[in-house]
Amino acid sequence: MKYDFSAIERKWHARWAEEHTFITGTDQKKPKYYVLDMFPYPSGSGLHVGHLEGYTATDIVSRYKRCRGYNVLHPMGWDAFGLPAEQFAIKTGTHPRLTTEINVANFRETLKSMGFSYDWDREINTTDPDYYQWTQWIFLKLFERELAYMSEIDVNWCEELKVVLANEEVDEKLNDGYTVIRRPLRQWVLKITAYAERLLEDLEGLDWPENVKQMQRNWIGRSEGVEIDFELPCHRTNLRVYTTRPDTLFGATYLVISPEHPMAEKLAIARQLVEVKNYIARAKLKTELERTGLQKEKTGVFTGSYAINPANGEALPVWISDFVLTSYGTGAIMSVPAHDSRDWEFAKKFDLPIREVIKSPHDVEEAVFEGKESCCVNSSNDEISIDGLDFRTAFIRMASWLESKGKGRRKVNYKLRDWVFSRQRYWGEPIPVRHYDDGSMSPEPCLPLTLPEVEAYHPTSTGESPLANIEEWLYGADEHGRFRRETNTMPQWAGSCWYYLRFIDPQNRQSLIDPSKEHYWMNVDLYIGGAEHAVLHLLYSRFWHKVLYDLGVVSTKEPFQRLFNQGMILGEDNEKMSKSRGNVIPADHVLSTYGADAVRLYEMFLGPLEQVKPWNTNGIEGISRFLGKVWRLVWDENATEPKTTAGLPDEAILRRMHKAIRKVTEDIEQLKFNTAISEMMVLVNELHKAGCTSLVAIETLLVMLSPFAPHITEELWQKLGHTESISGVPWPSFNPDLANDDILTIAVQVNGKLRGTFMVPAGSSKELLLDEAKRVESVLKFLEGQKIIKEIVVPGKLVNFAVRP
RNA sequence: GCCAAAGUGGCGGAACUGGUAGACGCGCUGGACUCAAAAUCCAGUGGGUGCAAACUCGUGUGGGUUCGAGUCCCACCUUUGGUACCA
């Protein structure tokens with residue numbers, strides 16, 4: 001019988017669908033395992049082999065866990081709101097819903113041909129009103145708790161596209177030749193900063209890659225410092241700065257405020273006013289990117305005013321510079337050029353004094369010294385001295401002194417900023433809020449508030465979304481009076497913030513999720529996706545989850561217990577796959593040529609899951625050969641009956657088999673699929689070499705292989721006389737006595753160089769090993785005429801003689 | 001610039017807590033089967049010297065620790081990812 005993968009795969013896809021083989025178990029007495037993929041945006045270009053990597057990995061884990069007796073939740077859905085469908089609509093007039101439907105159908109088909117064991121009954125789509133009703137519901141909860149508010153904020157405004165861009169999009173658009181300016185716009189903002197501390201703290205208990213945790217910590221950017229008031233004698237007010245280095249206060253030689261600081265113009269003395277106004281105007285024109293990233297040389301302007309250093313009474317000049325960020329701290333800093341590289345650079349450029357207050361190994365006029373390890377110097381006044389103190393002590397002493405004088409207070413700051421949540425687009429969840437003539441707002445009483453049909457998908461010239469053009473949808477009246485609906489929609493992040501919850505209870509009409517189901521299934525036990533979501537998606541999701549936790553909707557503090565980032569698959573040219581490079585390997589193509597089992601195995605065999613690695617279509621041949629060999633373990637070329645025989649294989653094969661069970665089991669648990677496959681290849685090679693037809697050996701192999709290559713194993717399993725699906729068969733266990741070698745090869749080294757080997761039974765004594773080692777012929781000549789000065793014996797491994805003439 | 005990860009045959013990669021470097025696969029070479037091919041099977045395949053046995057070098061570079069280093073330490077080089085003055 002020949003191995004015809006396409007017939008076999010078609011047959012089993014139909015069978016699995018018919019019999020609902022992968023329907024999620026609901027018996028709550030069984031242990032559960034929730035395996036989640038980062039669900040895709042269904043793009044028009046379809047799936048390529050890179051997309052399938054993570055999905056294959058989760059599918060293997062799902063199938064494995066089912067064999068181990070777990071109820072497995074393994075769902076799939078679509079993050080289908082988003083810009084590409086909208087831009088396509090602008091160009092062609094095709095409704096984004098239609099585009100989305102077509103793309104989803106295409107994606108679903110590809111995923112099904114891979115044989116992924118998703119529970120398709122739980123499929124969700126973020127653009128489905130039944131789904132986004134609850135996205136809106138969560139928004140209203142945020143609104144009620146004042147975690148969603150409106151604010152006039154500077155946004156990245158793209159003139160040509162008439163849209164606001166996210167910071168991470170700015171670069172991309174600039175590269176595409178668009179112009180981006182900063183412009184204030186009334187926006188919805190989510191108060192993620194209220195959760196900064198919890199988002200930081202709760203990272204500790206998560207089983208995530210350390211680098212992702214670190215990135216989140218950096219993004220949140222907690223810092224402990226002091227706010228210090230510098231008196232402005234001519235203005236009868238104070239200038240408040242934030243610093244994490246109060247220990248260097250005596251070294252402050254000037255202050256700098258940002259161009260947007262409310263005092264910026266007021267501080268300018270008559271002689272400086274023109275220059276200051278010019279500087280502020282120029283700063284406005286720059287985008288955030290120009291002000292920060294690309295800027296090499298520091299710029300600034302002196303206001304002409306002075307502020308009093310509370311520590312020593314010195315009058316310090318106040319400067320304006322755009323390297324000081326408005327949105328962080330107080331928008332004003334004290335400059336200590338001796339011990340901060342930015343301040344040092346600025347001081348050198350504008351010839352401002354530099355004063356050493358931390359004992360430095362070199363002249364601070366020549367180079368900055370930022371170390372915190374040495375002690376304070378030149379830092380005392382009549383009331384306080386911190387000379388000789390280390391950073392911590394000086395920090396505390398200075399902070400308390402300032403507090404006692406009413407000149408400062410300790411303060412924790414975060415880099416994290418509130419999340420701009422509105423988009424001026426059509427294809428997103430409408431924000432369900434009504435605005436009244438008097439400026440008040442109220443939530444939409446009825447959810448979902450669905451997207452109306454529109455004539456044109458272009459944003460309005462004012463920057464409002466296309467929804468602003470639909471008068472009959474826009475206006476209405478209720479008991480509060482006349483209202484205008486909110487025309488902003490939510491960003492694409494919204495739907496993906498909580499989708500993992502809806503999979504648990506996708507059809508629920510009464511509530512977002514049923515508490516007992518939530519209790520059973522949460523947390524997500526394994527979440528696999530690309531590293532590009534390390535910060536934003538995962539942080540936003542965690543934020544919403546914590547809000548839901550506070551609302552009592554979920555019972556866990558964190559959504560994703562174990563996170564794993566798969567590495568990207570590059571094109572055959574070792575470059576990132578992209579249309580423009582023409583190196584994209586479409587999934588459908590390799591699927592039809594080699595079949596799902598081969599593609600699945602090859603995706604995993606390519607290398608470690610977390611690693612970036614190039615695709616090589618030639619390599620898949622080896623996998624095809626392997627599958628052919630597996631097939632021929634059961635069938636001879638023209639046979640009509642399997643050639644398997646009852647009974648155990650001989651001992652050597654049995655040992656090999658138990659070794660393989662152990663290795664494959666351990667490797668799957670650690671997501672080391674490449675070495676698991678390699679181990680099964682070794683086993684198959686051995687079975688062939690030994691001409692083994694033992695049913696026990698072959699069936700064990702099939703079960704181990706079934707999570708990786710479900711179709712061929714189902715088929716062979718059935719042909720061996722089983723009526724039930726292989727996907728429900730218990731996972732084999734190994735016997736440690738058989739998995740360990742009984743005869744070991746011991747290496748013999750002389751001065752660390754391998755000079756021979758010998759074989760001994762496992763568990764042989766050190767003495768025996770030493771004796772044997774000295775009798776190995778190839779070793780003797782290296783010992784001859786030498787004095788053995790040391791004998792090292794590692795039981796079960798090697799013997800090493802250190803010798804000298 | 002800073003932070004993180006990684007550098008192993010022609011290629012993808014393997015190597016448990018320091019203990020026989022190169023598993024497994026691709027590719028390549030030779031052979032068997034065949035009229036021929038495909039498929040399959042067998043043997044070989046890091047470099048160098050050698051008919052061979054064998055010896056020797058070898059895990060980015062240079063040092064170090066150790067009986068022994070791909071693995072640990074120091075310095076440097078390269079690549080990839082992240083980040084952009086957060087006071």
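Computed from heavy atoms alone, side chains included, the values below leave out hydrogens, waters and symmetry copies. Residue numbers begin at 1 in each chain, while the letters A, B, ... track the order of the sequences.
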Heavy-atom contacts under 4.0 Å between residues 677-693 of chain A and RNA chain B, which residues?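 Within residues 677-693 of chain A, the residues near RNA chain B are A:S678, A:M681, A:V682, A:N685.
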
Let's see if you get this right: which residues in residues 241-251 of chain A place a heavy atom under 4.0 Å from RNA chain B?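 Only A:Y242, A:T243, A:T244 qualify.
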
Name the stems that RNA chain B belongs to, where each is three or more consecutive Watson-Crick or G-U pairs with both distances under 3.5 Å?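 Detected stem regions: B:1-7 with B:77-83, B:10-12 with B:24-26, B:27-32 with B:40-45, B:46-49 with B:54-57, B:60-64 with B:72-76.
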
Mark up nucleotides 2-19 of chain B, 5' to 3', with B wherever a protein heavy atom is under 4.0 angstrom from a base atom, S wherever such an atom reaches only the sugar-phosphate, and - elsewhere. --S-------BSS-B--B

Which class fits the ring pair A:F395 and A:F391: parallel under 30°, tilted 30 to 60°, perpendicular over 60°?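 If you compare the ring of A:F395 with that of A:F391, the planes turn out perpendicular.
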
Please state whether the rings of A:F369 and A:H339 are parallel, tilted or perpendicular, taking 30° and 60° as the class boundaries.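 Ring orientation, 0 to 90° scale: perpendicular.
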
Distance, C1' atom - from B:rA14 to B:rU20, rounded to whole angstrom: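 Those two atoms are separated by 15 Å.
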
With rounding to whole Å, what would you report as the distance between B:rG63 and B:rA69 at their C1' atoms?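 My reading of the C1' atoms in B:rG63 and B:rA69 gives 14 Å.
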
When all nucleic acid strands are considered with a 4.0 Å heavy-atom cut-off, which category describes A:K576: base, sugar-phosphate, or nothing?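 If one applies the 4.0 Å heavy-atom cut-off, A:K576 turns out to touch nothing in the nucleic acid.
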
At under 4.0 Å between heavy atoms, what does A:S223 touch on the DNA or RNA strands: base, sugar-phosphate, or nothing?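 Counting heavy atoms under 4.0 Å across all strands, the contact made by A:S223 is with sugar-phosphate only.
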
Classify the side-chain pair A:T193/A:D418 by whether it contains a donor and acceptor separated by less than 3.5 Å.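 Checked: A:T193/A:D418 side chains pair up, N/O donor to acceptor below 3.5 Å.
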
Give every residue pair that meets the salt bridge (Lys or Arg N to Asp or Glu O under 4.0 Å) criterion with at least one member in residues 610-622 of chain A, sequence neighbours excluded.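 Sorted pair list: A:E53-A:K613.
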
Would you list the pairs meeting salt bridge (Lys or Arg N to Asp or Glu O under 4.0 Å) in which at least one residue belongs to residues 762-773 of chain A, sequence neighbours left out?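 For residues 762-773 of chain A: none.
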
Below 4.0 angstrom from OP1 or OP2 of B:rA38, is there any side-chain N or O of A:R625?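 Negative; the distance criterion is not met.
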
side-chain N/O A:R632 vs B:rC41 OP1/OP2, d < 4.0 Å: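 Checking B:rC41 against A:R632, a side-chain N or O does come within under 4.0 Å of OP1 or OP2.
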
